[in-house]
Structures are given as C-alpha cells and as structure tokens.
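Heads up, the thing below is written out as structure tokens.
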Protein chains: 2
Amino acid sequence: MRDKSKLSERQRNILRFMESYIENFGFPPTIREIGEATNIRSTSVVNYNLNKLVQAGHLARLNRKSRGIRLTSQQPQPVRKARQQMRVPLVGQIVASAPLPIPEDMGHYPDPENAIEVSPALIGNTDPAEIFALRVKGDSMIDAMIQDGDIVLFRKQETASDGDMVAVWLEERGETTLKYFYREGERIRLQPAHPTLEPIYVSAAGCRVQGRVMSVIRTL
Amino acid sequence: MRDKSKLSERQRNILRFMESYIENFGFPPTIREIGEATNIRSTSVVNYNLNKLVQAGHLARLNRKSRGIRLTSQQPQPVRKARQQMRVPLVGQIVASAPLPIPEDMGHYPDPENAIEVSPALIGNTDPAEIFALRVKGDSMIDAMIQDGDIVLFRKQETASDGDMVAVWLEERGETTLKYFYREGERIRLQPAHPTLEPIYVSAAGCRVQGRVMSVIRTL
DNA sequence: ATTGTAAACGAACAAAAATTCTATGTCAAA
DNA sequence: TTTGACATAGAATTTTTGTTCGTTTACAAT
C-alpha cells in the first residue's frame with residue numbers, strides 16, 4: 001500500500017517536494033507550486049498525480065481547500081486521534097445556590113490555564129465544543145454521589161431524555177441539583193443517584209435543564 | 001518580545017486556535033476560519049490582529065499566499081509530551097466479598113482490550129507501571145461515594161499514610177472496603193467518605209492494605 | 001491498422017482567500 | 001470638547017488557487 005517503488009518518477013518527485021516545502025514553510029504547497037517545482041506545466045496533471053498519491057496512501061486531501069494536501073506519513077491521524085486528549089474548559093464551580101455558570105461560547109481552543117485534559121472516552125462521541133467542566137464546591141451534590149472537589153463534565157443542553165443525569169436549576173427552591181431525569185406525564189421525577197434517597201417531583205416549567213452529566217472525575 | 005500577557009484576548013484566542021488547527025489539519029487556517037473560530041465577523045479585523053501578532057513576534061506571514069501564516073514558536077514537543085495519554089490495565093472488578101484481584105505483574109504492555117486511557121493528571125507523577133484499574137460491581141462501595149460501574153484507579157501498595165484512601169481487605173469480616181486511612185496508636189481508623197457515616201476501627205494485623213485510590217472515574 | 005487506456009497539456013471557470021477601503025465606536029490625552 | 005490612536009465592522013475588490021473539460025500523445029493489446 002505504501003510501496004514507493006510503484007510510484008512514477010513524477011509522483012516520487014512530488015512527494016519529495018512536498019516534504020521539503022512543508023519543512024521550509026510550515027504549510028503545504030499549491031498545485032501550481034508543485035507543478036513548477038517538478039516541471040509539470042499543467043495543473044491538471046499535478047492534480048492527476050496527487051490523486052494517484054492519495055490512492056497509494058501517501059497523501060490525504062481536503063477537497064476545495066487551498067493547500068489542502070497533507071502527507072499521511074507525518075500525521076498518522078487515526079492513531080494520533082485515538083490516543084489524543086481533549087482539552088475541556090474548566091469554567092467554574094457548581095454550588096447548590098446558583099445556576100451553573102455556563103459559558104455562552106466555549107470555543108475549541110480552551111485557555112490552557114483553565115482547562116483539563118480528559119480522555120475522549122469520557123465524552124463518547126459528543127462534539128468536544130459542547131463539553132465543559134465544573135468543579136464541585138461543598139457537599140451539596142452528595143445525593144448524586146458526587147463530593148467536594150470532584151470535577152463534572154457536562155454537555156451543554158436544555159433538554160433531557162429519561163435516565164440522563166442532568167444539572168437542573170429549580171426555580172422555586174432556588175437551587176441547582178444533579179439528578180436522574182424522568183418525564184412522568186405532566187411532571188418530572190428527579191431521582192437521586194443514592195439508592196436510599198427519595199425522588200423529588202417538579203413541574204416541567206419549574207425546572208431548567210442546564211446540562212447533561214457526561215462523567216465525573218475524582219482525584220485523591 | 002514574546003510576552004503573551006501584552007496580547008489582547010482576541011490575539012490570545014487566535015494564537016490558541018492556530019495551534020490547535022495546525023495540530024489537527026497539518027496546515028494553517030485561513031483568515032476567515034480564524035474569524036469564525038474566534039467570533040470575529042470581519043476578515044479585516046482578523047488581518048489587523050494577525051499583523052499585531054507578527055509585530056509581537058508570535059507569527060510570521062507570507063503576503064498574498066493563502067494560509068501563509070506560521071507560528072514562530074515551534075516547540076510542539078513539550079506540548080505533545082504533556083498531552084500524551086496513559087494506558088492503564090483494567091484488571092477486574094471490585095466486590096465487597098473478595099480481596100482485590102491485583103495482578104502480580106502488570107507490566108507496561110496493557111492489553112488494548114482491557115485497558116483504559118487516562119490523563120496523566122489522574123495519577124500524578126506515579127510510575128504508570130504501578131497503576132491498575134478496577135470496575136466497581138454493585139453498591140457495596142457506596143460509603144466511599146463510589147457507585148456501581150465506577151472505575152477506580154489504584155496504586156499498588158501495602159502500606160498507607162494518614163489520609164490516603166485505600167482498599168483494605170478486612171480479615172475478620174471477609175470483605176474489601178474503600179476508606180480513608182488513619183493510624184491511631186495500635187489500631188487503625190477507617191473513615192468512610194460519606195460525612196454522616198461512622199468510622200470503623202481495626203487492628204493493624206486485621207487489615208491488609210491492597211492499594212491506594214488515586215482517582216475515580218464515572219461515565220454516564 | 002484499430003482500439004483502449006494511462007498520462008499529459010492548456011485554457012476556462014469557479015471557488016476560496018487575501019487585501020483594501022470606508023465608516024463607526026471607544027477612550028485617554030490635549 | 002476636540003482630537004487622534006486604536007480597535008472594530010462590513011463590503012468591495014483583487015489575487016490566488018482548485019477543478020473541469022476538451023484535446024493530444026504514447027503505447028500496448030486486439
């Protein structure tokens with residue numbers, strides 16, 4: 001699959017040029033630049049050979065992106081991805097007495113200072129941009145089997161499905177709580193994680209879902 | 001010259017975005033892409049800030065080249081290192097009725113099938129070879145604020161210091177428990193994590209420390 | 001000789017992307 | 001209050017760049 005010997009002269013040239021160009025400039029060349037460097041007069045021929053190289057597994061391309069050519073050897077993307085970490089912004093604390101401090105725009109470039117590294121497994125295949133983290137302050141979330149200092153990873157969402165653990169702001173009580181969410185006709189049952197505790201019931205209007213708990217991390 | 005503190009919020013955002021984009025795609029973003037990612041509506045403003053970053057020495061640009069932006073700071077190595085994941089072998093389950101199934105030799109060749117990826121932060125600077133993971137089965141560890149399905153990361157050790165959360169095998173009761181460890185003269189106090197629960201006391205002989213809890217991971 | 005196919009060319013076109021221009025708002029100094 | 005530097009926005013403009021398409025060449029198979 002990666003046998004360079006099966007490539008044509010031109011294709012080997014292109015590959016070599018790609019390597020040195022990226023080395024020099026930090027970004028890939030254009031089709032025309034490749035053509036000039038390898039003595040190919042026509043962009044379409046360069047394009048043709050680039051596609052051959054993609055077939056051969058040496059390059060990856062992004063359609064219709066300028067300079068959207070990448071050496072596969074330098075970025076073993078699949079491997080890297082699998083072992084890669086996600087940076088999740090740590091945006092504040094959970095306290096019972098206030099709604100979650102949810103950032104409007106979290107971006108995909110969290111500030112290194114206020115971010116934690118997590119394994120992608122913890123957020124499943126959710127878009128990382130929707131994930132944020134909060135540190136639990138105090139023992140108010142003990143019903144949810146979550147203690148002081150734990151870090152909770154949330155997915156930003158305003159609705160929930162049965163069985164989700166969610167953060168809800170209870171209007172009448174003026175507090176935030178983490179419970180399992182079950183819709184029961186008109187009302188909603190919020191079930192604590194701790195098996196001996198009783199559920200509470202609220203009207204759909206009276207509770208505002210703020211996020212779904214994806215995972216909890218405790219470091220001792 | 002390279003003092004990030006003198007940069008504006010937007011400029012820091014741009015820099016961070018550049019880093020992650022290049023990391024992901026292998027080539028630099030366009031001005032428009034930078035704008036979208038950092039919530040700047042106007043390409044000219046992005047351009048303006050890019051020029052500022054060039055002045056500040058963080059970027060280099062090539063005029064009239066698409067994606068002709070390059071980070072001057074090229075130390076991907078330390079970053080890369082810091083972002084590595086650890087693979088920790090997941091060697092079995094915790095049940096109250098039996099000692100921990102601790103592997104004699106864990107090696108550093110965790111079976112991909114039975115390993116989990118964790119962030120290095122979770123195990124501090126402990127030698128990764130000493131770390132193993134167990135999945136909690138049942139609600140027997142509820143005193144420790146740990147529930148069914150949680151994954152506990154242990155460091156293999158037979159002794160403990162005050163305040164450590166440890167897994168101990170209680171000879172006379174025939175059970176495994178997770179408690180905070182305190183030496184009190186001849187006897188040992190084992191304190192549940194849950195604040196309302198009472199400690200238990202055992203003799204040093206009657207309890208066998210099996211490992212120290214480094215962290216707990218819960219996925220929902 | 002004929003046909004089919006891989007490889008090449010160049011021009012035209014369309015899309016992407018950078019640059020430039022004008023206008024507006026902010027804020028501290030004069 | 002006025003001024004000017006700085007920062008922002010929106011849009012127009014120009015340049016760069018990728019894609020498509022008709023055509024040609026070389027060569028091996030029929």
Side-chain angles (χ1 to χ4, degrees), chain A residues 3-18 20-22 24-72 104-105 107 109, chain B residues 3-18 20-22 24-72:
Chain A
D3 193 356
K4 291 205 180 187
S5 63
K6 316 209 76 161
L7 301 178
S8 74
E9 174 77 23
R10 280 185 159 174
Q11 285 155 16
R12 281 195 302 276
N13 283 344
I14 289 176
L15 228 40
R16 258 188 292 124
F17 173 68
M18 283 280 298
S20 77
Y21 189 103
I22 290 175
N24 283 335
F25 295 101
F27 47 83
T30 65
I31 288 183
R32 282 173 177 77
E33 286 169 329
I34 294 172
E36 280 168 39
T38 57
N39 263 314
I40 299 176
R41 252 68 62 94
S42 168
T43 55
S44 64
V45 176
V46 175
N47 189 52
Y48 172 85
N49 284 292
L50 286 177
N51 288 334
K52 289 287 171 189
L53 285 166
V54 171
Q55 282 172 34
H58 290 89
L59 298 179
R61 295 186 76 182
L62 288 174
N63 281 351
R64 310 182 155 272
K65 295 277 174 223
S66 73
R67 302 172 192 271
I69 315 169
R70 180 175 62 196
L71 292 168
T72 50
E104 342 62 53
D105 175 31
Y109 43 93
Chain B
D3 193 356
K4 290 205 181 185
S5 61
K6 316 213 73 160
L7 300 177
S8 73
E9 174 76 23
R10 281 183 158 177
Q11 286 156 14
R12 283 194 299 276
N13 281 344
I14 289 175
L15 227 41
R16 279 206 297 281
F17 174 68
M18 284 280 295
S20 79
Y21 189 102
I22 291 175
N24 281 334
F25 294 101
F27 48 81
T30 65
I31 289 184
R32 274 169 240 286
E33 286 170 329
I34 295 171
E36 281 167 37
T38 57
N39 261 315
I40 298 176
R41 251 68 65 102
S42 169
T43 54
S44 65
V45 176
V46 176
N47 188 52
Y48 172 85
N49 283 292
L50 286 176
N51 288 333
K52 289 287 171 189
L53 285 167
V54 171
Q55 282 172 33
H58 290 91
L59 299 179
R61 296 186 74 182
L62 288 174
N63 282 349
R64 305 174 165 274
K65 297 277 176 219
S66 76
R67 304 174 191 274
I69 316 168
R70 185 174 52 193
L71 292 167
T72 51

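Letters A, B, ... mirror the listed sequences (proteins, then strands); counts begin at 1.
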Would you tell me if any nitrogen or oxygen in the side chain of [X] comes within less than 4.0 Å of OP1 or OP2 on [N]?
{"X": "A:N47", "N": "D:dT19", "answer": "yes"}
{"X": "B:R41", "N": "D:dT8", "answer": "no"}
{"X": "A:R10", "N": "C:dC9", "answer": "yes"}
{"X": "B:N49", "N": "D:dT8", "answer": "yes"}

Interatomic distance, [X] [atom1] vs [N] [atom2] [rounded to whole Å]:
{"X": "A:K65", "N": "D:dT19", "atom1": "NZ", "atom2": "P", "value": "11 Å"}
{"X": "A:R32", "N": "C:dA17", "atom1": "CZ", "atom2": "P", "value": "14 Å"}
{"X": "A:N63", "N": "D:dT17", "atom1": "CG", "atom2": "C1'", "value": "14 Å"}
{"X": "B:I31", "N": "D:dT14", "atom1": "CD1", "atom2": "P", "value": "18 Å"}
{"X": "B:E33", "N": "D:dT17", "atom1": "CD", "atom2": "P", "value": "15 Å"}
{"X": "B:I69", "N": "C:dA18", "atom1": "CD1", "atom2": "P", "value": "6 Å"}
{"X": "A:E36", "N": "C:dC9", "atom1": "CD", "atom2": "C1'", "value": "16 Å"}
{"X": "A:Y48", "N": "C:dC9", "atom1": "OH", "atom2": "P", "value": "12 Å"}

Could one point to a donor on the side chain of [X] or the base of [N] with an acceptor on the other under 3.5 Å away?
{"X": "A:S66", "N": "D:dG18", "answer": "no"}
{"X": "B:T43", "N": "D:dG10", "answer": "no"}
{"X": "B:S44", "N": "D:dG10", "answer": "yes"}
{"X": "A:R64", "N": "C:dA15", "answer": "no"}

Next on the checklist: Side chains of A:I69 and A:I34, heavy atoms from C-beta outward: is any pair under 4.5 Å?
Outcome noted: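 When only atoms from C-beta onward are counted, A:I34 and A:I69 do touch, with a gap below 4.5 Å.
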Report yes or no: does [X] contribute a side-chain atom to a donor-acceptor pair with the main-chain N or O of [Y] at less than 3.5 Å?
{"X": "A:T43", "Y": "A:I31", "value": "no"}
{"X": "B:R70", "Y": "A:F27", "value": "no"}
{"X": "A:R67", "Y": "B:S66", "value": "yes"}
{"X": "B:R10", "Y": "B:T38", "value": "no"}

Checklist entry - Out of C:dA7, C:dC21, D:dT19, which has the shortest distance to the side chain of A:K52? => result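 Side chain of A:K52 sits closest to C:dA7.
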